[in-house]
Amino acid sequence: EGMTVAEIAKKLHREPAELIKKLFMIGVVATQNQSLSKDAIELLAAEYGIESEEKVEVDISDLDVYFNQEVDESKLVERPAVVTIMGHVDHGKTTLLDTLRNTKVSEGEAGGITQHIGAYQIEKDGKKITFLDTPGHAAFTTMRARGANVTDIAIIVVAADDGVMPQTVEAINHAKAADVPIIVAVNKVDKPSANPDRVMQELTEYGLIPEAWGGDTIFVNISAKFGQNLEELLEMILLVAEVQELKADPDRLALGSVVEARLDKSKGPIATVLIQEGTLRVGDPVVVGTTHGRIRVMVNEKGRRLKTAGPSTPVEITGLNTAPLAGDQLVAFEDEKTARSVGEAREKQAMAEQRTATHRVTLDNLFSSLQEGELKEVNVIIKADVQGSVEALASSLNKIEVEGVRIKIIHTGVGAINESDVTLAAASNAIMIGFNVRPTPQAKVQADQNEVDIRLHRIIYNVIDEIETAMKGMLDPEY
Ligand code: GDP
């Protein structure tokens with residue numbers, strides 16, 4: 001207590017005017033000779049990335065701690081699978097989500113109108129399945145980049161009249177990078193031009209081999225538009241879910257992830273949360289991302305109010321101070337005081353962290369990351385102008401081995417480096433190689449924001465040499 005703005009400015013080697021401006025930005029109006037409250041000093045310290053003495057213990061504000069708490073095996077019970085639908089544009093993702101929603105959600109509930117809240121649940125043979133209602137791998141990987149791994153099963157939709165297309169391959173690689181099992185839904189089989197066998201043939205190239213051909217990937221021929229074979233698809237989902245033995249403890253305080261969030265003019269911040277562990281109750285104090293609050297109202301996709309929501313249930317909640325972001329984690333607390341202090345600590349931390357970048361793998365820090373044992377494999381994404389170059393690069397990179405560490409190529413493609421590539425690189429901590437291609441302007445901006453290392457080359461030897469050198473720790477730092 002008692003330090004004035006001028007005194008703090010001197011300590012920080014800054015102009016008082018700059019501090020006054022900073023304080024104003026965080027909502028504190030002060031003059032040079034005014035002494036500041038502890039809170040204001042902490043906020044200011046956070047702004048400059050300095051840890052003030054009153055620093056809150058990191059462990060309470062790190063939500064991962066709550067997610068990684070020990071589980072009581074005896075309390076675990078089966079929970080519904082969470083499914084994401086991915087695939088190339090126009091192959092029928094939205095149609096499949098709509099048909100399932102329309103035919104299954106309202107069953108047993110006459111006239112029930114479903115609303116889009118970002119996820120919904122259906123029932124099949126007395127078991128529930130949760131679908132994330134935003135098709136595509138962009139949402140999937142954005143959530144993953146923010147630490148939310150909510151998807152248990154990925155459905156890759158491939159139109160039987162079109163076959164495997166670039167975004168089909170992207171979707172497969174995004175699912176594989178997240179280690180999520182894949183079910184292939186060969187769609188539009190009602191069309192005369194449909195050729196499901198060709199789709200199967202094409203997918204073998206990506207390691208998706210049907211059981212009939214000795215592989216272990218489940219293929220289901222469907223027509224999303226005409227509701228053909230959807231029951232079989234659901235059965236296959238239940239089958240894969242059973243093998244995974246998906247379980248959660250419904251008795252503990254809730255943990256979850258935000259699927260969608262927005263600010264409503266009359267209701268305030270609204271978020272759809274997928275509960276992952278425990279049960280969320282109306283009135284529960286919660287921290288969500290860097291915001292907090294108390295659950296005021298919970299509704300499901302049918303607009304029906306709920307008092308409780310258990311594992312794998314999607315619910316729309318109100319009662320938060322500000323709108324969180326998709327992928328943010330939710331943690332429920334016993335008492336409001338703890339929720340508030342954790343929430344406030346996280347808010348401050350987030351402000352400070354905006355200044356100090358996250359730890360991304362770049363060629364410059366590759367060697368030290370390997371040395372510290374942080375990395376066991378080096379994830380790489382290759383984009384090139386022609387398929388031949390992709391293959392030549394991939395096979396050369398696969399041969400690199402430095403002290404037991406190898407390269408893992410998580411995605412390849414022909415064409416410019418796009419935003420989806422950058423999202424995948426950020427989520428998987430990968431290095432991006434562009435061979436005779438460049439990033440699109442949007443991808444460039446996104447890569448800068450996410451600190452994804454993009455290396456552009458025109459000669460294969462240079463790519464290999466650069467990566468090998470970096471892995472051995474002999475790369476001159478780039479200035
Ligand atoms: P998305 O971009 O993957 O979400 O694809 P949409 O669901 O928007 O579907 C693209 C187009 O394909 C639409 O005109 C759909 O009506 C059509 N479509 C989707 N599924 C089927 C199907 O099973 N059979 C036929 N014939 N058309 C379909």
Side-chain angles (χ1 to χ4, degrees), residues 82-106 114-122 124 129-143 150-151 153-176 178 180 182-203 206 208 210 217-237 259-260 272 301 314 326 411 413 415 418-421 423-424 442:
V82 179
V83 179
T84 296
I85 295 180
M86 307 197 255
H88 195 72
V89 65
D90 279 346
H91 279 197
K93 302 179 292 292
T94 314
T95 307
L96 179 57
L97 279 166
D98 287 347
T99 308
L100 289 172
R101 192 196 298 109
N102 295 336
T103 55
K104 306 294 289 189
V105 173
S106 314
T114 59
Q115 312 161 351
H116 175 93
I117 65 165
Y120 62 78
Q121 255 184 351
I122 64 163
K124 164 76 184 164
I129 303 171
T130 304
F131 284 90
L132 294 182
D133 206 359
T134 313
H137 50 269
F140 171 80
T141 301
T142 304
M143 282 187 72
V150 299
T151 302
I153 298 169
I155 308 278
I156 308 275
V157 175
V158 190
D161 62 339
D162 203 20
V164 172
M165 299 302 275
Q167 287 165 40
T168 314
V169 179
E170 283 183 17
I172 292 167
N173 290 336
H174 282 235
K176 279 188 179 168
V180 171
I182 291 171
I183 294 176
V184 179
V186 182
N187 191 30
K188 307 197 187 184
V189 294
D190 58 277
K191 285 194 158 186
S193 53
N195 189 348
D197 279 347
R198 200 190 78 197
V199 174
M200 283 194 194
Q201 186 64 55
E202 286 173 346
L203 282 175
Y206 303 95
L208 299 180
T217 304
I218 297 176
F219 281 70
V220 186
N221 291 343
I222 63 163
S223 165
K225 191 169 173 177
F226 299 105
Q228 211 175 304
N229 245 359
L230 298 192
E231 293 299 332
E232 192 186 329
L233 177 63
L234 296 177
E235 275 164 29
M236 291 305 137
I237 293 173
V259 174
E260 266 185 27
T272 296
E301 66 272 10
H411 177 57
N418 61 32
E419 286 164 277
S420 161
D421 298 327
T423 314
L424 180 61
Q442 299 92 318

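From a predicted model like this one, the values you see are computed outputs, not experimental measurements. Just follow the structure's listing: the first ligand is 1, and inside any ligand the first atom is 1.
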* Around ligand 1, what residues show up once you keep those with a heavy atom under 4.0 Å from it? ->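 Those residues closer than 4.0 Å to ligand 1 by some heavy atom are His88, Val89, Asp90, His91, Gly92, Lys93, Thr94, Thr95, Asn187, Lys188, Asp190, Lys191, Ser223, Ala224, Lys225.
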
* To do: Measure the spacing between NZ of Lys93 and CD1 of Ile156 and express it to the nearest 0.5 Å.
  =>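 Answer rounded to 0.5 Å: 10.0 Å.
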
* To do: Indicate the atoms forming the closest heavy-atom contact of Tyr206 with Lys176, along with that distance.
  =>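 In this case the closest contact between Tyr206 and Lys176 is O-NZ, 2.5 Å.
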
* Nearest heavy-atom neighbours spanning Leu233 and Ala185 ->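 The pair with the smallest heavy-atom distance is CD1-CB, 4.4 Å.
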
* Please name the residue in the list Asn187, Leu208, Leu203 that meets the side chain to side chain contact (heavy atoms under 4.5 Å, CB included) test with Val158. =>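 The single option meeting the side chain to side chain contact (heavy atoms under 4.5 Å, CB included) with Val158 is Leu203.
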
* Decide whether Glu260 and His116 meet the rule of one side-chain donor and one side-chain acceptor closer than 3.5 Å. =>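 Side chains of Glu260 and His116: pair found under 3.5 Å.
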
* Ion pair check, Lys188 and Asp162, cut-off under 4.0 Å ->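 Here Lys188 does not pair with Asp162 in a salt bridge, since their nearest N and O are not under 4.0 Å apart.
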
